[in-house]
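First up is the structure itself, then whatever we jot down about it.
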Amino acid sequence: MGLFSALLGNAGTVNQADLQKDYGKLLISGEEIELGFKLIRDVFIFTNKRLILVDKQGLTGSKIEYKSISYKSISRFSVETAGTFDLDAELKIWVSSEQMPSIKKQFNKSVNVYDVHNVLATHVLQ
């Protein structure tokens, strides 16, 4: 992911081995990382059991919030592809019966949003 893209708030794909090394301690037995993205300091990880949002807070990033969202609590989601003049694609996730999306993330063009859609559809629609 390029610095310019990160400064614009666009997420890029993160290697699964790096995610496993950094966040493997969050996983339960039988849980595996399927896909992950980094947005400046924050990370969001799709596993075979849940979505994990990692929010590094403060100037140093030493305070970290780990938010876990089970796929069964996701009521709907949308994935918007990047257009010709758009720099980003967008993911929106609604948790439970909320009217507005709880989670909004933007991806740079290097991210295959169809992979994001596929992993969400696979788990949410079961």
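As a basis for the values below, the full set of heavy atoms in this structure was taken, side chains included, without hydrogen atoms, waters or symmetry mates. In what follows, residues are counted from 1 in the order of the sequence shown.
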**Q.** side chain to side chain contact (heavy atoms under 4.5 Å, CB included) assessment of V116 paired with L35
**A.** CA-CA 8 Å; V116 176; L35 200 58; 4.2 Å; yes

Q | Residue pair L120 / F46, side-chain heavy-atom distance below 4.5 Å | A | yes

Q. Counting distance only, does the side-chain N/O of T122 pair as donor-acceptor with the main-chain N or O of N118 below 3.5 Å?
A. yes

Q.
Could you check whether any side-chain heavy atom of K105 comes within less than 4.5 Å of a side-chain heavy atom of E90, counting everything from C-beta outward?
A. no

Q) What are the two closest non-hydrogen atoms of N15 and A17, and how far apart are they? A) OD1-N, 2.6 Å

Q: Look at the side-chain heavy atoms of Ile, Leu, Val, Met, Phe, Trp and Tyr, link any pair under 4.5 Å apart, and say whether V124 and Y114 land in one connected group.
A: yes

Q) Cationic tip of K92 within the cone over F77's six-membered ring, i.e. under 6.0 Å and within 45° of the normal? A) no

Q) So, K25 side chain and D22 main chain: donor-acceptor pair closer than 3.5 Å or not? A) yes

Q) Atom CG in D55, atom CZ in F44: separation rounded to 0.5 Å? A) 12.0 Å

Q: Decide side chain to side chain contact (heavy atoms under 4.5 Å, CB included) for V95 and I69; before the verdict, give the C-alpha distance in whole Å, the side-chain angles of both, and the deciding distance to 0.1 Å.
A: CA-CA 8 Å; V95 175; I69 301 169; 4.2 Å; yes

Q.
I'd like to know if Y71 and I33 are part of one continuous hydrophobic network [Ile/Leu/Val/Met/Phe/Trp/Tyr, side-chain heavy atoms within less than 4.5 Å].
A. no

Q.
Is any side-chain heavy atom of I52 closer than 4.5 Å to one of T47?
A. yes

Q | Sidechain-backbone polar pair: W94 side chain, I74 backbone, donor-acceptor under 3.5 Å | A | no

Q.
Quick check: do K104 and L91 have side-chain heavy atoms less than 4.5 Å from each other?
A. no

Q. What about L51 and L27, same hydrophobic cluster or not, with Ile/Leu/Val/Met/Phe/Trp/Tyr joined at side-chain heavy-atom distances under 4.5 Å?
A. no

(Q) Tell me if a side-chain donor or acceptor on E31 pairs with a main-chain N or O of I28 at a distance below 3.5 Å. (A) yes

Q.
Determine whether a donor-acceptor pair (N or O, by modelled atom type, separation under 3.5 Å) exists between the side chain of N48 and the backbone of G30.
A. yes

**Q.** Test side-chain hydrogen bond (donor to acceptor under 3.5 Å, both in side chains) applied to R50 and S73, S68, S70, the passing residue
**A.** S68

**Q.** Within-4.5 Å side-chain heavy-atom neighbours: V14 and I45
**A.** no

Q) What orientation do Y23 and Y66 show, parallel under 30°, tilted 30 to 60°, or perpendicular over 60°? A) perpendicular

**Q.** Separation between CD of E32 and CG of L19, rounded to the nearest 0.5 Å
**A.** 13.5 Å

Q.
When you measure from the side chain of Q16 to the backbone of E34, do you find a donor-acceptor pair of N or O atoms at a distance under 3.5 Å?
A. yes

